[in-house]
2 protein chains.
Amino acid sequence: MVTLADVARHAGVSSSTVSYALSGKRPISHETRTRIEQAITDLGYHPNAGARALAGKRSHIIALVVPLHPQVHVPTMMEIAIAVTVAAREHGYDVLLLTNDEGPEGVRRVAATGLADGVILMDVRLDDDRIPVLRAQEIPAALIGLPDDPTGLSCVDHDFATAGALCADHLADLGHRDIAFIGYSSGVYRRHAGYAERTLNGFRARAERRDLRFLHRPCEGTYESTAGTLARILADRPDTTGFVVQNEAAIGPLLSLLRASGRTVPEDASVIAICPEAMAEQHSPRLTSVTGPKKDLGQVAVDQVMARIAATTAGEQPDDQLLLMPPELVVRESTAPAPRRL
Amino acid sequence: MVTLADVARHAGVSSSTVSYALSGKRPISHETRTRIEQAITDLGYHPNAGARALAGKRSHIIALVVPLHPQVHVPTMMEIAIAVTVAAREHGYDVLLLTNDEGPEGVRRVAATGLADGVILMDVRLDDDRIPVLRAQEIPAALIGLPDDPTGLSCVDHDFATAGALCADHLADLGHRDIAFIGYSSGVYRRHAGYAERTLNGFRARAERRDLRFLHRPCEGTYESTAGTLARILADRPDTTGFVVQNEAAIGPLLSLLRASGRTVPEDASVIAICPEAMAEQHSPRLTSVTGPKKDLGQVAVDQVMARIAATTAGEQPDDQLLLMPPELVVRESTAPAPRRL
DNA sequence: TTGTACGCGTTATCAG
DNA sequence: CTGATAACGCGTACAA
């Protein structure tokens, strides 16, 4: 293995000079700098990560904790994970993947051993048991999701309440009066996943203000459960003309079932989905949707941890950030004015 | 920070004794062992990862390289990633997530800096440019996928050729004569993703032996592209009664479209999917499918890298493993004997 | 602008 | 069974 000392010898300088040349923490004359660079490529030097972590007290690694049995949409999760990884690299950081089966202990472990300089938590529950660990370890952290007490933490999430409200407004504007909200499986609501509750609350509040009658139905998302859900909705409220879907998996089945029941979208029924754009574009008809912002949550979370790491390194108290990113309503082909009552 | 020396002092032993007590690399008397354990919990000691990596020459980290813009099914990818992470933990290893936008350079980087002790590559192409790097760096590696030259490497993948053959056999056994194979988007075939080609070849060979007439059509998987694909198939071969689908995204649309065209599954048309079991169960009717084995590819890949790391550590030449895991045909509700010709 | 020298926390060798 | 002690490779305060 080629060490920094080897490079120093080859370039005829001291090892500290090489170190500083690499870190840029003090000025180096143009000449010695080029000699050092030459030596580095000649020898094929790569700094040793372990030694760097030991001496520098920073591992240049952040941990990303992903849910083990994701109730959330997996591709969305993966997209965030990838965005985190790419964004971290731009800060010279690598990403350690942790699954939630280690539980809070996993977070404690990577923090206490110094394996990670910071942590990003996905799929945060309102009362999340990993949060006390973050506080106790005083490790820089960012949450993707919103716990019920975010003090001392940086958080980022979609503004799901607004997303719900946008759906209600859009359907109300089109003259729909009876709306069905098809949500995630009931387990998600029971687990107190914040996003599900917040969407529903935002929708409910706006729906009431706009004098909408509505039904909320959890749904597993399989074809059969969606069929059951839809049947119950139509039995309970035959006049339902507007559908809001938050369960990505239920979208395909729902469209299929509406068609099968003789209802044409959007002439007989309007459907609005809370989902990524790509998914909205993929269906037929293309779906009117409420979608998160362009700038990825993962990217924001990385910026937040980096800010906290920087502050901690500087001996300062990092300040808490709380970012709820506004969603956008994109009108496509699946919503239209409510049909006239017969 | 609590160090090993602190523990030693507190327990009244030398630091080397503590180190050995933890690693188990030499016998420790029961009494001192308990004193040490006591001290560790009293002080809340956690070994420092950087120091461990530096002194021990092993980081206890493996890198997992995931595709950036996955042409493959994302949930399947995520499942593998999670399986890798869990399996690695059981060996005392953590997983570093690398995306492919760093290209071969990313692999070089983590290997050369000693950040990772081993590498697992996903979405391996037949002629993959990361493989030369693995060979040059002599880093323990396992590939999920099959390159055209696997010498010096350990590989694991589904036996896609057999999967294709099983599909052909099952439909032939049921008396179908005209089959359509709906595959991944054409880009996948152009990229020489081994799995797509191998499935098709396996299917083709068996289909010819069984005197089947068949059509292969790439498909993007959106509702509209699937509609186009199906229309072309039925125009070209109106007598087609059997469908093999390898594109997960196309399954939902295909079922929907067959229904819309007045064809009942399985009475008028049989559909067999090459996909995970959960997905096959999710559709209506539940799909006859060819599915990978229970034991996860990720788990196997981890075992393979661990074996190579162990061999390398012992100064031995690791032996190459090549594991093609046999798929299973599960008959469900979507296939039936071919309809009589009218 | 450059060099010297020490410390980071563990592992492993060599004595006892 | 246990203790000293020398690496491991790099960062940085201090000195020049």
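Side-chain contact between Val124(A) and Asp157(A): absent, with no pair of heavy atoms (C-beta onward) separated by less than 4.5 Å.
Under a 3.5 Å cut-off, the side chain of Ser19(A) and the backbone N or O of Ser15(A) do not form any donor-acceptor pair. Under a 3.5 Å cut-off, the side chain of Asp117(A) and the backbone N or O of His60(A) do form a donor-acceptor pair. No donor-acceptor pair under 3.5 Å is formed between the side chain of Gln38(A) and the backbone N or O of Ala11(A). Side chain of Asp128(B) to main chain of Arg125(B): a donor-acceptor pair is present (N/O by atom type, distance under 3.5 Å, no hydrogens or angles). A donor-acceptor pair is defined here as one N or O able to donate and one able to accept, closer than 3.5 Å; no such pair exists between the side chain of Thr113(B) and the backbone of His46(A).
Glu105(B) has no carboxylate O lying under 4.0 Å from a charged side-chain N of Arg109(B), or vice versa, which leaves the two without a salt bridge.
Gln137(A) CD: more than 12 foreign heavy atoms inside a 6.0 Å radius. Environment of CD in Glu102(B): crowded, with over 12 heavy atoms of neighbouring residues, nucleotides or ligands closer than 6.0 Å.
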5' to 3', nucleotides 7-14 of chain D under a 4.0 Å protein heavy-atom cut-off (B base, S sugar-phosphate only, - none) gives -BBBBBBB

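Overall bending of the helix from dT1(C)-dA16(D) to dG16(C)-dC1(D), expressed as the angle between end axes built from five pairs apiece, is 30° (10° steps).
As judged by a 4.0 angstrom heavy-atom cut-off over every strand, Gly114(A) is placed among residues making no nucleic acid contact.
For DNA chain C, the outermost nucleotides in 5' to 3' order that have an atom under 4.0 Å from a heavy atom of chain A are dT1(C) to dG9(C).
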Working for side-chain contact (heavy atoms from CB on, under 4.5 Å), residues Met306(B) and Ile62(B): CA-CA 9 Å; Met306(B) 289 304 152; Ile62(B) 57 176; 4.1 Å; yes

